[in-house]
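For reference, the structure is listed below as C-alpha cells.
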Number of protein chains: 2
Amino acid sequence: MLFSKTCEYGIRAAVYIASQSDKTEKTGIEEICENIEAPRHFTAKILQILTRNHLLSSQKGVNGGFYMTAEQLQQPMIVLVEAIEGKEVLSKCGLGLKACSEVEPCPLHNKYASIRNNIKQMLSGVTIKDMAVSLQTGKAFLKID
Amino acid sequence: MLFSKTCEYGIRAAVYIASQSDKTEKTGIEEICENIEAPRHFTAKILQILTRNHLLSSQKGVNGGFYMTAEQLQQPMIVLVEAIEGKEVLSKCGLGLKACSEVEPCPLHNKYASIRNNIKQMLSGVTIKDMAVSLQTGKAFLKID
DNA sequence: ACAATAAAAGACAAAAACATCCTTATTTAA
DNA sequence: TTAAATAAGGATGTTTTTGTCTTTTATTGT
C-alpha cells in the first residue's frame, strides 16, 4: 500500500547491506537477493538508482560489491524512499487532484495531510542503520529461515 | 501513494453522488465523470464494483443513474477502500514480507503498524456523507471550475 | 598483461493497472 | 408496445510496473 515493490526491495536491500557493513568484504548482489528474497536483476537496477543517488556505494570487479559508508548508514529512510518514488510522493493530494491546496482542499485534505505528516515523521525518524541494528540484534527479520 | 487511481476515482465518484443525494433525480455516469474529471468508462466499471458491494445504488433505463440510500451515505470511507483495494490492504507488511508478524517482525513493523492504525482510524472516522457535506458547504472541492 | 569477477547498462518480456469501445439488459416515458 | 435512455458486462487496447536476459565496463588478483 504505502510502498511500491521497487521501494520495498530497495529498502530491504539497503537494510541488508547495512547489516553487513561491519565486515570488511563488500556484499554482492547475489547474496543480497538471497537474503531478502528479491528478484536478482530487478533488485540490481534498484541498487543502481540508489548508488547513483549516493545512498549506497559500490565497487566493480573482483571482491567488489555494495557497501555503505558511515554517513550513508545515518541516512533516514525518507531519503531512500524519495530517491525511489520521487520527492513529490509525500506531498501529493490523497484523492489525486491536481489543484488540491489549502485554499481549495479536497474533502480529505486535512485528515490526509495529518496522516502524511505521520508518515514523514516515521520515515525521517528511522535511519537505515536503526533498521540494520534491529536485524543484527535479532529483534527484526528480513527473511525467515 | 496511499490509493490507486481506481480507488481515487471510486472515492471521488461516491462523494459526488452523495453530494447530489438530496435531489430526487439520480445521477448519471456522464455527469459524475464531468464533475470529478475522471475517465468515463473506467469509472463506470468502478461504480459497478461499488454497486455490487451495495455501497451505491443504481437504476437502469430512462431517468436512471446512481444514488445512495441514507444507510449508504453513513458508510465510513474504509468500507469503500476495502471494497476496491481488498480487505488485506490495511494489514499487509510495509516491506512486503509474507512472514512478517509480531513474533518475527520486519525492521519497520512497529512504526508501520502505528501509521497503519492512523490510516485505519482516519478511514473509519469519515463517512461518505461527511465528505459530501464539506463539498456542499463549499468547504471542499473535487473540481476547480 | 590477462583472466576472472562483479557492477552498470541496455534490450526485451510478462503482468498488472489503467482505459476505451461495443454489445446487452433493463427501465420508463410517450 | 415501442423507442430512447441508462447501467452492466465483455472484449480489447495502452501504459506502467515488475521482472529477465545479455552485453559492456571497471577492477583486481595472479
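Worth knowing before you read on, the calculation uses all heavy atoms, side chains too, and leaves out hydrogens, waters and symmetry mates. Here is how names work: the chains are called A, B, and so on, in the same order as the sequence lines, proteins then strands, and each is numbered from 1.
For residues 55-71 of chain A, there are no salt bridge (charged side-chain N to carboxylate O under 4.0 Å, His left out) pairs, not counting sequence neighbours. Pairs of residues two or more places apart, or lying in two chains, that qualify as salt bridge (charged side-chain N to carboxylate O under 4.0 Å, His left out) and include a residue from residues 40-56 of chain A are Glu30(A)-Arg40(A). Residue pairs meeting the salt bridge (charged side-chain N to carboxylate O under 4.0 Å, His left out) criterion with at least one partner in residues 121-130 of chain A, sequence neighbours excluded, do not occur; the list is empty. Applying the salt bridge (charged side-chain N to carboxylate O under 4.0 Å, His left out) definition to pairs two or more places apart or across chains, those involving residues 81-108 of chain A are Glu82(A)-Lys87(A).
Contact record, Met77(A) with Leu108(B): SD-CD1, 3.5 Å, taken as the closest heavy-atom pair.
For the segment residues 47-60 of chain A, residues with any heavy atom less than 4.0 angstrom from an atom of DNA chain C are, sorted by number, Gln48(A), Thr51(A), Arg52(A), Ser58(A), Gln59(A), Lys60(A). Of the residues in residues 20-40 of chain B, those with a non-hydrogen atom less than 4.0 angstrom from any atom of DNA chain C are Pro39(B). For the contact set between residues 12-19 of chain A and DNA chain D, defined by any heavy atom under 4.0 Å, there are no members.
Environment of NZ in Lys26(A): crowded, with over 12 heavy atoms of neighbouring residues, nucleotides or ligands closer than 6.0 Å.
Residues Val133(A) and Met68(A) do not share a hydrophobic cluster, clusters being chains of Ile/Leu/Val/Met/Phe/Trp/Tyr side chains in contact below 4.5 Å. A continuous path of hydrophobic side-chain contacts links Leu56(B) to Val79(B) [ILVMFWY only; heavy atoms under 4.5 Å].
Rounded to an integer number of Å, the gap from Tyr67(A) OH to dA6(C) P is 16 Å.
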Kindly list each side-chain donor-acceptor pair under 3.5 angstrom involving residues 9-20 of chain B, sequence neighbours excluded, with atom names and distances?
from     : atom 1 : to       : atom 2 : distance (Å)
Arg12(B) : NH1    : Leu95(A) : O      : 3.0
Arg12(B) : NH2    : Ile36(B) : O      : 2.5
Arg12(B) : NH2    : Glu37(B) : O      : 3.3
Tyr16(B) : OH     : Glu31(B) : OE2    : 2.5
Tyr16(B) : OH     : Asn35(B) : ND2    : 3.2
Ser19(B) : OG     : Tyr16(B) : O      : 2.6
Gln20(B) : OE1    : Lys23(B) : NZ     : 2.5

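Here Lys5(A) pairs with Glu8(A) under the side chain to side chain donor-acceptor pair (under 3.5 Å) rule; sequence neighbours left out. For Thr24(A), the side chain to side chain contact (heavy atoms under 4.5 Å, CB included) criterion is met by no residue, not counting sequence neighbours. Judged as a side chain to side chain contact (heavy atoms under 4.5 Å, CB included), and not counting sequence neighbours, Ser114(A) has no contacts.
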side-chain contact (heavy atoms from CB on, under 4.5 Å) evaluation trace for Leu47(A) with Ser58(A): CA-CA 9 Å; Leu47(A) 296 192; Ser58(A) 71; over 6 Å; no
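Heavy-atom nearest nucleotides on DNA chain D were determined for Gly64(B) and for Val62(A), and the one closer to the 5' end corresponds to Gly64(B).
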Sequence-aligned protein contact record of nucleotides 10-18 of chain C, with B where the base is within under 4.0 Å of a protein heavy atom and S where only the sugar-phosphate is: BB------B
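Neither OP1 nor OP2 of dA6(C) sits under 4.0 Å from any side-chain N or O of Asn63(A).
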